[in-house]
Engineer: 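I'd like to ask some things about the structure below.
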Amino acid sequence: MRFGVVATALLSAAVVRADIADDLEEGASSVSSAVESATSSAVEKPTFTPTTLKAPFLEQFTDDWDTRWKPSHSKKENDKSSEEEWAYIGNWAVEEPTVLKGIEGDKGLVIKDKAAHHAISAKFPKKIDNKGKTLVVQYEVKLQNGLECGGAYMKLLQDNKALHAEEFSNASPYIIMFGPDKCGATNKVHFIFRHKNPKTGEYEEKHLKNPPTARIVKTTSLYTLIVRPDNTFEIKIDGESIRNGTLLEDFSPSVNPEKEIDDPKDEKPESWVDEARIPDPEATKPEDWDEDAPFEIVDTEATKPEDWLEDEPTSIPDPEAEKPEDWDDEEDGDWIPPTVPNPKCEEASGCGKWESPLKKNPEYKGKWSAPVIDNPAYKGVWKPRKIKNPAYFEDKTPAKFEPIGAIGFEIWTMQNDILFDNIYIGHSVEDAEKLKEETFDLKLPAEKAEEEATAPKAPETPENPFESTFKEDPVAYIKNKIDLFLTIAKRDPIEAIKFVPEVAGGIGAIALTVLAILGSLIFGGASAPSKEQAKDAAKKAKDAAVEGKDKAAAAVASGVEKAQAEANKRTTRSTAS
């Protein structure tokens with residue numbers, strides 16, 4: 001009968017202990033949250049307000065964005081060497097950032113799928129013609145999952161009546177391609193423009209020779225391209241001028257071809273001598289030149305060192321080696337210990353038979369060859385004659401781009417959640433700067449503040465836990481106290497109580513409560529406790545835990561003594577489980 005009482009009581013106690021552990025864990029979590037929230041400042045974020053600026057095209061992806069933007073249902077056009085067909089199956093969405101949001105309510109166009117081809121475009125209300133005007137292209141890129149391999153560039157599409165958003169693809173003619181692209185070691189900001197040959201009517205891509213490096217960060221990056229009527233250009237990243245140049249000098253292939261070219265019909269005469277130096281035909285080998293003389297000879301003047309140990313071998317059996325226990329002489333043969341360098345040889349000049357060393361032969365001259373002289377028949381490096389380039393033309397104003405009718409993102413990427421926002425395409429550098437001030441300049445500080453606040457920090461645990469104080473770092477102070485107590489308790493519980501009494505005191509307080517409940521259950525009567533008694537006991541333990549949790553939360557504002565109480569409660573949870 002007594003055994004049944006004890007078993008039932010212990011079962012009830014297990015339930016109580018489990019409830020206590022759960023509540024203490026919840027309490028410890030509350031303490032940690034309270035401490036962290038009390039010691040870290042909240043990141044304040046501005047609220048999105050649509051701009052009042054006007055431009056030929058200005059997109060902030062407000063609620064009516066889908067009236068302007070249409071995903072493509074076309075297929076990607078591949079080169080003739082590939083038989084594969086790729087459809088633009090990647091999905092798009094307009095949503096707020098999920099990583100480091102800088103402005104509340106600010107939405108952007110987001111690539112939703114990994115390793116998929118995406119294409120989407122928007123027609124301009126009116127074609128953009130920059131003849132005689134400055135062209136400004138500016139947009140934000142947010143790489144929420146980084147960028148290992150893929151593009152985040154835009155295309156400004158040639159104005160074309162046949163241009164339909166549903167058919168937008170990599171084959172759609174564009175005027176400018178601009179923005180970041182990265183895959184492996186390749187990392188650059190594209191600036192490519194298509195130039196029309198005035199003679200042939202054919203288009204050719206002109207690539208910036210020295211493109212800047214893209215910024216691969218999870219905070220928002222701002223890319224700006226400015227092309228002026230004088231053919232100069234400027235690329236800015238985050239408002240900082242990164243690259244300047246001209247369309248006539250900094251692109252490959254160059255806009256204008258050479259005036260003269262090599263005559264393809266001109267050939268080098270057979271009699272042309274283009275060897276600048278030749279062996280001297282009049283030189284002869286000297287009679288005393290011995291080509292067979294060796295490079296090295298024995299040094300006859302060398303003598304054996306006095307400490308040379310000629311009778312000592314260079315290696316000896318290893319004196320520490322022992323025959324393996326499983327060695328069978330009949331099957332494995334006679335066991336021979338391995339050899340090691342003779343230690344006596346290390347103390348002397350050498351061991352074994354001494355031989356005279358070799359030295360360089362002073363008579364050695366090697367293979368004879370005639371000296372080289374200037375060729376008296378040399379005519380110089382042959383070059384074909386120059387003729388006028390029949391394909392020559394001169395375009396002095398390549399900045400007069402053809403009319404632009406739409407913008408498109410045609411991208412393949414291994415990373416999803418790339419976000420585009422605040423697109424400006426127009427003619428005002430000042431308005432683009434104002435848009436930057438209204439958007440980018442507000443969100444970037446908030447993003448960086450959140451990034452810094454949420455970044456995991458390496459724990460800086462002092463050698464002695466008492467070197468840190470509650471005021472300096474409450475979380476570290478509590479953790480250090482608990483870790484120290486548990487480390488010492490594993491070896492010597494009594495020493496742990498002496499060295500960290502505040503943690504032990506907390507454990508004792510909870511332990512007494514549990515023992516009191518167990519005592520009343522086990523020894524309070526001969527019969528087993530009822531279900532109601534067990535529940536009542538569990539409730540009392542839970543109430544005690546809740547009270548402890550409330551006190552722990554209050555410790556954030558009350559100083560070191562109460563902080564130690566929170567540590568005690570967390571330690572009780574660890575020792576009770």
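Atoms considered below: every heavy atom in the structure, side chains included; atoms not considered: hydrogens, waters and symmetry mates.
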Engineer: Return the minimal non-hydrogen interatomic distance between Pro56 and Pro125, and the atom names on each side.
Structural biologist: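 The answer is O-CD, 3.8 Å.
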Engineer: Once the angle between the rings of Phe178 and Tyr223 is folded into 0 to 90°, is it parallel (under 30°), tilted (30 to 60°) or perpendicular (over 60°)?
Structural biologist: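 Aromatic pair Phe178/Tyr223 classed perpendicular.
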Engineer: So which heavy atom on Thr246 is nearest to which on Glu249, and how close?
Structural biologist: OG1-N, 3.1 Å
Engineer: Under 3.5 Å, is there a donor-acceptor pair between the Asn145 and Asn416 side chains?
Structural biologist: yes
Engineer: About how many Å separate CG of Asp230 and OG1 of Thr397, when rounded to the nearest 0.5 Å?
Structural biologist: 11.5 Å
Engineer: Between Glu394 and Lys259 (salt bridge meaning N to carboxylate O under 4.0 Å), is one present in this structure?
Structural biologist: no
Engineer: Rounded to the nearest 0.5 Å, what's the gap from NZ on Lys209 to OG on Ser254? Could you check?
Structural biologist: 7.5 Å
Engineer: Are any of the side-chain heavy atoms of Asn256 and Leu248 separated by less than 4.5 Å?
Structural biologist: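 Asn256 reaches Leu248 side chain to side chain.
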Engineer: Run Phe48 and Gln60 through side-chain contact (heavy atoms from CB on, under 4.5 Å) and show every step you take.
Structural biologist: CA-CA 10 Å; Phe48 172 72; Gln60 293 189 296; 3.9 Å; yes
Engineer: Establish, from distance only, whether the side-chain atoms of Glu205 and Tyr174 form a donor-acceptor pair under 3.5 Å.
Structural biologist: yes
Engineer: Count the heavy atoms of every other residue, nucleotide or ligand shown that sit under 6.0 Å from CG of Asp64, and state whether that count exceeds 12.
Structural biologist: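 Yes, CG of Asp64 has more than 12 neighbouring heavy atoms, counting only those of other groups under 6.0 Å.
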Engineer: Using the side-chain contact (heavy atoms from CB on, under 4.5 Å) rule, take Thr62 and Arg68 through it: C-alpha gap first, then chi angles, then the decisive distance, then the call.
Structural biologist: CA-CA 11 Å; Thr62 48; Arg68 297 179 293 277; 3.7 Å; yes
Engineer: Check whether any side-chain heavy atom of Ile216 sits under 4.5 Å from a side-chain heavy atom of Ser221, and report yes or no.
Structural biologist: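 Result no, sub-4.5 Å side-chain heavy-atom pair not found.
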Engineer: Please lay out, stage by stage, how Gln144 and Thr98 fare under the test side-chain contact (heavy atoms from CB on, under 4.5 Å).
Structural biologist: CA-CA 8 Å; Gln144 299 186 86; Thr98 58; 3.3 Å; yes
Engineer: Within the 4.5 Å heavy-atom criterion, are Ile261 and Lys386 side-chain neighbours or not?
Structural biologist: no
Engineer: How long is the span from the CG atom in Asn130 to the NE2 atom in His427, to the nearest 0.5 Å?
Structural biologist: 7.0 Å
Engineer: Measure the shortest side-chain to side-chain distance between Glu104 and Lys45 over non-hydrogen atoms and say whether it is less than 4.5 angstrom.
Structural biologist: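 With C-beta onward as the side chain, the pair touches.
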Engineer: For Gly184 versus Lys182, what's the shortest heavy-atom pair and its separation?
Structural biologist: O-NZ, 3.4 Å
Engineer: Contact between Val137 and Leu156 at the side-chain level, heavy atoms closer than 4.5 Å - yes or no?
Structural biologist: yes
Engineer: Less than 4.0 angstrom from a charged side-chain N to a carboxylate O is my criterion; do Glu95 and Lys112 meet it?
Structural biologist: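 Salt bridge flag = yes for Lys112 with Glu95.
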Engineer: Taking salt bridge (charged side-chain N to carboxylate O under 4.0 Å, His left out) as the criterion, tell me which of Lys443, Arg215, Lys436, Lys107 meets it with Glu140.
Structural biologist: Lys443
Engineer: If we ignore angles and hydrogens, is there a donor and acceptor under 3.5 Å between the side chains of Thr219 and Glu451?
Structural biologist: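 Judged by distance alone, the side chains do not pair up.
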Engineer: CD of Glu430 to NZ of Lys434: how many Å apart, nearest 0.5 Å?
Structural biologist: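 So the gap between those two atoms works out to 8.0 Å.
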Engineer: Over 60° means perpendicular and under 30° means parallel, so tell me whether Tyr88 and His117 are parallel, tilted or perpendicular.
Structural biologist: perpendicular
Engineer: What pair of heavy atoms forms the shortest contact from Asp113 to Asn91, and how long is it?
Structural biologist: OD2-N, 2.6 Å
Engineer: What's the shortest heavy-atom distance between Gly151 and Asp181, and which atoms?
Structural biologist: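 Looking at all heavy atoms of both residues, the shortest contact is CA-OD1, 3.5 Å.
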Engineer: Give a yes-or-no answer on whether the side chains of Glu260 and Asn389 include a donor-acceptor pair shorter than 3.5 Å.
Structural biologist: no
Engineer: For residues Thr47 and Thr49, determine if any side-chain heavy atom of one lies less than 4.5 Å from a side-chain heavy atom of the other.
Structural biologist: no
Engineer: Students often mix this up, so state it plainly: with edges at 30° and 60°, are the rings of Phe409 and Trp92 parallel, tilted or perpendicular?
Structural biologist: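 If you compare the ring of Phe409 with that of Trp92, the planes turn out tilted.
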Engineer: Could you grab the distance from atom CH2 of Trp412 to atom CD1 of Ile111, nearest 0.5 Å is fine?
Structural biologist: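 It comes to 11.5 Å.
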Engineer: Answer yes or no: does atom CD of Glu452 have more than 12 heavy-atom neighbours from other residues, nucleotides or ligands under 6.0 Å?
Structural biologist: no
Engineer: If you count every heavy atom of other residues, nucleotides or ligands that lies below 6.0 Å from Ile387 atom CD1, does the total exceed 12?
Structural biologist: yes
Engineer: Is atom CD of Glu258 surrounded by more than 12 heavy atoms (other residues, nucleotides or ligands) closer than 6.0 Å?
Structural biologist: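 Atom CD in Glu258 is not crowded, with 12 or fewer foreign heavy atoms closer than 6.0 Å.
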Engineer: Report the residues that fulfil side chain to side chain contact (heavy atoms under 4.5 Å, CB included) with Pro211, sequence neighbours left out, ordered by chain and then residue number.
Structural biologist: Lys188, Leu208
Engineer: Atom CG of Leu225 and atom CG of Leu135: how far apart are they, to the nearest 0.5 Å?
Structural biologist: 6.5 Å
Engineer: Working note: Asp395 + Lys400, criterion side-chain contact (heavy atoms from CB on, under 4.5 Å); need CA distance, chi angles, decisive distance, verdict.
Structural biologist: CA-CA 10 Å; Asp395 183 355; Lys400 291 181 179 179; over 6 Å; no
Engineer: Look only at the side chain of Lys142 and the backbone of Leu100, and say whether a donor-acceptor pair between them is shorter than 3.5 Å.
Structural biologist: yes
Engineer: What residues form a ring pair (Phe, Tyr, Trp, His ring centres under 6.0 Å) with Phe191, not counting sequence neighbours?
Structural biologist: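 Only Phe233, Phe251 meet the ring pair (Phe, Tyr, Trp, His ring centres under 6.0 Å) criterion with Phe191.
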Engineer: At their closest point, which heavy atom of Pro229 faces which heavy atom of Thr134, and how far apart are they?
Structural biologist: CD-OG1, 3.5 Å
